[in-house]
Q: 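Handing you this structure, nothing more for now.
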Amino acid sequence: MDKFYITTAIAYTSKTPHIGNTYELVLTDAIARWNRFIGKDVFFLTGTDEHGQKIQEIAEAAGITPQQHVDRIAGEIKDIAKMLNISNDKFIRTTDDYHMKAVQGIFKRLYDQGDIYKSEYEGWYCTPCESFWTETQLKDGKCPDCGREVKRTREEAYFLKLSKYQDRLLQYIEEHPDFIQPESRKKEMVNNFLKPGLQDLCVSRTSFNWGIPVEFDPGHVIYVWIDALSNYITALGYTTGEKGELYQKYWPADVHIIGKDILRFHTIYWPIMLMALGEPLPKQVFGHPWMLFGEEKMSKSRGNVIYASDLVGRFGVDAVRYYMLHEMPFAQDGTITYDVFMSRYNSDLANTLGNLVNRTVAMVNKYFDGVIQPGDVSGDFDGDLKNTALTAVKNVAESMKSLHVADSLDHIWTVVNRANKYIDETTPWVLAKDEAQRGRLGTVLYNLIECIRIIAALLSSYIPDTSARIAAQINASALDFDSLSNFGATEAGVKVAAGEPLFARIDIEKTMKEIEASMAAPEEPAVPEPEHKPEIDIETFAKLEFRVGKVLECEKVKRAKKLLKMQIDLGYEKRQVLSGIAQWYAPEELVGKRVVVVANLKTAVLCGEESRGMILCASEGDQLTIVTPEADIPLGSEVR
RNA sequence: CGCGGGGUAGAGCAGUUUGGUAGCUCGUCGGGCUCAUAACCCGGAGGUCGUGUGGUUCAAAUCCCACCCCCGCAACCA
């Protein structure tokens, strides 16, 4: 039997995941279930990534231990998986004992063979926060957390030699055109990272301790990459000693399903780790798109977070699964709104599918006391109906092979639509009036039941509960993949159940009002309390020198998206200042404007241009405006 | 001139690799039917396929060129 090993990324346990985060679970589940359905020996892994500084901080802020915090979130994630009917075979947590041991082993092995070496990591250090920040994480050159000064510091750290393997990886990617999916992402990886040359990766930290310790060097903690990525093999029992039975059987992974944002880690760092370990690489990595809420990314601060439980509670698991699987494009971000959700629910699930099952079962009950008749009196339209059903089976298999899950559902719906049409064509209610047409009527209903059986079987990978409910209504026995190769596995003489609607239609207007009411309730109209910076004394403030200036010239900085370069007249001198406000101001708008310049800020170089000072701007969310003196005052006047 | 993706009916998408004047779902309008969850079936309207009235070609949404807009990634929002 063919094996099939599929994984999701492990979810970071910093906070409760929203619906967008859970999309990956459902998508992966559908693919896993389908492969099981067609007879593969599937191993489906998911889990949680539980280490790191951020978790340590969140736990500290909440006054609990990191372990308590991750236990809680991991529990929530497991509950969500359960609620969504996720059929994972295993749930790994990076705090699991066996994983931590295996990771230590991997780290040691890579160190012993020289692929990991000790060096120094240079970054910006904030003493009060005991945190390292990279250049890009800094806010205005200060600690992004507390806003205080940071120091250029070095710390000891271990590095993984990526450069050593980059040519081999490039070759692998070129020789395996399907390795990175979708295609567009592959170019991004190759052109942005591989071709310019890889920098060795820092794989340890000393700045926090919530992580897996480097066993031969206490004080160092293994940083996220080696810890998290290796879950895919440690979950199968891989260690640098014993490789484990599951590992022998299932590795390499057939596909890693991950968010497009972490493609780099999975297509560069992870393969290189495996190469260094001498293990085979995963066959495919699929970076799925994101599910957005309306036009925007979901985020708490925007107040537009939808949790899976909200939707499941209101509409049921399968409606949620159906929406996610059907409405998400293959390679572009998709959106979820209550409006679209409900109209898909009504049209696809309640009307087209639900009604087909309902009307068919009702007719079997009405005309034959619920007993399925033999399908032996064929007539017009039968051929096309059968053909549509059997072709759909092939089409679904085909699109699932290339992970086009949404297309698969479309293929199933062609059968649903064809069956609905068949009812209109054959008009069973007319046949029922003519005793001589008894046999034909039985056959028509038989064919419909058989179609419904095929539909139920095909749906089992996507909306398993509904699939089971349909099967129960028609009392179907054969639901396996092999039974789909021929039309006619339904047994005559079997009794159907009393009809019962699969999906009750939603009153969209009414429901929308309910949703709006429930969302509006906890809304706070006031401006939320901002995060404050530490108090300073007047002496500290006096160190700042603000002066009024006038913009003489302004132009965009080439090679930069956000940067404007302006020449500012301060009265006593002219100087060049760069500002990242191109998004809000066109260069010509600013010429002639008076601005407030921080005059004693250290000169910096941005995109190869010197910037001597900064201009003050007020900003909130995505709004921004420059600060300008209210009345005329000589250039160079000090502001305080 | 950093790398890449996208711009197709009111909405959401497919089609672009292997050129042949456009397709799916929802919505909308009209008709049919009554087995069924005011559901189902049929038909119509609606698109100069981002712009250039560009190039190649007998023929371009599809190939080439230029430009505009959106989105990722990278890079600096002093």
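Just so it is clear: chains get the letters A, B, ... in the order the sequence lines come, proteins before strands, and each one is counted from 1. A quick note: this is a predicted structure, and the numbers were derived from the prediction, not measured.
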Q: Please state how far atom CG in A:Asp407 lies from atom P in B:rU25, giving the value in whole angstrom units.
A: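 Those two atoms, CG and P, are 13 Å apart.
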
Q: Considering only atom C1', compute the distance from B:rU53 to B:rC40 and round it to an integer number of Å.
A: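 It comes out at 47 Å once rounded to the nearest Å.
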
Q: Going by heavy atoms in the side chains, are A:Tyr572 and A:Arg547 under 4.5 Å from each other?
A: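 Result yes, sub-4.5 Å side-chain heavy-atom pair found.
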
Q: Take the protein atom NZ of A:Lys565 and the nucleotide atom P of B:rA75, then report the distance between them rounded to whole Å.
A: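 Rounding to the nearest Å, NZ of A:Lys565 and P of B:rA75 are 22 Å apart.
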
Q: Identify, with sequence neighbours excluded, every residue that meets salt bridge (Lys or Arg N to Asp or Glu O under 4.0 Å) alongside A:Arg264.
A: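 Checked A:Arg264 against salt bridge (Lys or Arg N to Asp or Glu O under 4.0 Å); zero matches.
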
Q: Rounded to whole Å, how long is the line connecting atom CZ of A:Phe341 with atom P of B:rC26?
A: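 That distance rounds to 17 Å.
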
Q: Just wondering, do A:Lys366 and A:Trp429 contact through their side chains at under 4.5 Å, heavy atoms?
A: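 No, too far: nothing below the 4.5 Å cut-off.
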
Q: Are side-chain heavy atoms of A:Ile455 and A:Leu353 found at a separation under 4.5 Å?
A: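 A:Ile455 reaches A:Leu353 side chain to side chain.
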
Q: Roughly how many Å apart are B:rA14 and B:rC1, using the C1' atom of each and rounding to a whole number?
A: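 B:rC1 and B:rA14 have their C1' atoms separated by 34 Å.
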
Q: Do any N or O atoms of the protein come closer than 3.5 Å to N or O atoms of nucleotides 5-10 of chain B, and which pairs are they?
A:
unit_1, atom_1, unit_2, atom_2, d
B:rG5, OP1, A:Lys187, NZ, 3.4

Q: Could you state the CD1-C1' distance from A:Ile258 to B:rC73, rounded to the nearest angstrom?
A: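 Taking atom C1' of B:rC73 as the reference, CD1 of A:Ile258 is at 14 Å.
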
Q: I'd like the C1' distance from B:rG7 over to B:rC13, given in whole Å.
A: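 The same atom, C1', in both gives a distance of 13 Å.
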
Q: A:Ser163 and A:Asp200: side-chain donor and acceptor closer than 3.5 Å?
A: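 Per modelled atom types, A:Ser163 and A:Asp200 side chains form a pair under 3.5 Å.
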
Q: Between A:Phe381 and A:Tyr422, is the ring centre distance below 6.0 Å?
A: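 No, they do not, as the ring centres are separated by 6.0 Å or more.
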
Q: Starting from P on B:rG27, measure out to CE on A:Met342 and report it in whole angstrom.
A: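 Computing the A:Met342:CE to B:rG27:P distance gives 14 Å.
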
Q: Residues two or more places apart in sequence or in another chain: which of them pass salt bridge (Lys or Arg N to Asp or Glu O under 4.0 Å) with A:Arg469?
A: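 If we apply the salt bridge (Lys or Arg N to Asp or Glu O under 4.0 Å) test to A:Arg469, skipping adjacent residues, there are no hits.
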
Q: Hey, which sits more toward the 5' end of RNA chain B by its nearest nucleotide, A:Val340 or A:Arg344?
A: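 The residue whose closest nucleotide sits nearer the 5' end is A:Val340.
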
Q: Taking the basic N atoms (NZ, or NE/NH1/NH2) and the acidic carboxylate oxygens, is any pair closer than 4.0 Å for A:Asp178 and A:Lys401?
A: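 No, no charged N to carboxylate O under 4.0 Å.
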
Q: Around atom CD of A:Glu175, are there more than 12 heavy atoms from other residues, nucleotides or ligands closer than 6.0 Å?
A: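 Count over threshold, so yes.
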
Q: In whole Å, what separates the P atom of B:rA9 from that of B:rC24?
A: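 Roughly 15 Å separates the two P atoms.
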
Q: How far does the C1' atom of B:rU21 sit from the matching atom of B:rG15, given to the nearest Å?
A: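 That atom pair is separated by 14 Å.
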
Q: Answer yes or no: are there more than 12 heavy-atom neighbours, outside A:Asp434 itself, under 6.0 Å from its atom CG?
A: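 Yes, because the 6.0 Å sphere around CG of A:Asp434 holds more than 12 heavy atoms from other groups.
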
Q: What integer number of Å spans the C1' atoms of B:rA60 and B:rG55?
A: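 Looking at atom C1' only, B:rA60 and B:rG55 are 12 Å apart.
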
Q: Could you check, using the six-membered ring where one of them is a Trp, whether A:Phe286 and A:Phe330 have ring centers closer than 6.0 angstrom?
A: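 Here the rings of A:Phe330 and A:Phe286 have centres that are less than 6.0 Å from each other.
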
Q: When the P atoms of B:rU56 and B:rA75 are considered, how many whole Å apart are they?
A: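 Going atom to atom, P in each nucleotide, I get 43 Å.
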
Q: Does RNA chain B take part in any stems of at least 3 consecutive Watson-Crick or G-U pairs (both distances under 3.5 Å), and if so, which ones?
A: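 The stems that RNA chain B takes part in, listed by first number, are B:2-7 with B:68-73, B:10-13 with B:23-26, B:28-32 with B:40-44, B:50-52 with B:65-67.
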
Q: Any base atoms under 4.0 Å from A:Arg264, or only sugar-phosphate, or nothing? Heavy atoms, all strands.
A: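 Result for A:Arg264 = sugar-phosphate.
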
Q: Quick one: A:Met566 CE to B:rC77 P, roughly how many Å, whole number?
A: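 For the pair A:Met566 CE and B:rC77 P, the rounded distance is 13 Å.
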
Q: Please report, rounded to the nearest Å, how far the P atom of B:rC13 is from the CE atom of A:Met291.
A: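 Taking atom P of B:rC13 as the reference, CE of A:Met291 is at 12 Å.
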
Q: With rounding to the closest Å, how many angstrom separate the C1' atoms on B:rA22 and B:rC29?
A: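 About 22 Å, rounded to a whole number of Å.
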
Q: Check for me whether the distance between the ring centres of A:Trp270 and A:Phe179 falls short of 6.0 Å.
A: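 No - the distance between ring centres of A:Trp270 and A:Phe179 does not fall below the 6.0 Å cut-off.
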
Q: Run the salt bridge (Lys or Arg N to Asp or Glu O under 4.0 Å) test against A:Lys565 and tell me which residues pass, sequence neighbours left out.
A: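 A:Lys565 satisfies salt bridge (Lys or Arg N to Asp or Glu O under 4.0 Å) with A:Glu555, A:Glu609 once adjacent residues are dropped.
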
Q: Take the protein atom CG of A:Asp339 and the nucleotide atom C1' of B:rA11, then report the distance between them rounded to whole Å.
A: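 Whole-Å distance recorded here is 11 Å.
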
Q: Reckon A:Ser579 touches a base, only the sugar-phosphate, or nothing at all at heavy-atom distances under 4.0 Å?
A: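 Sugar-phosphate: the residue A:Ser579, judged by heavy atoms under 4.0 Å, touches backbone atoms but no base.
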
Q: Which letter, B, S or -, goes with each nucleotide of nucleotides 34-42 of chain B from 5' to 3', with contact meaning a protein heavy atom under 4.0 Å?
A: SBBB-SBBS

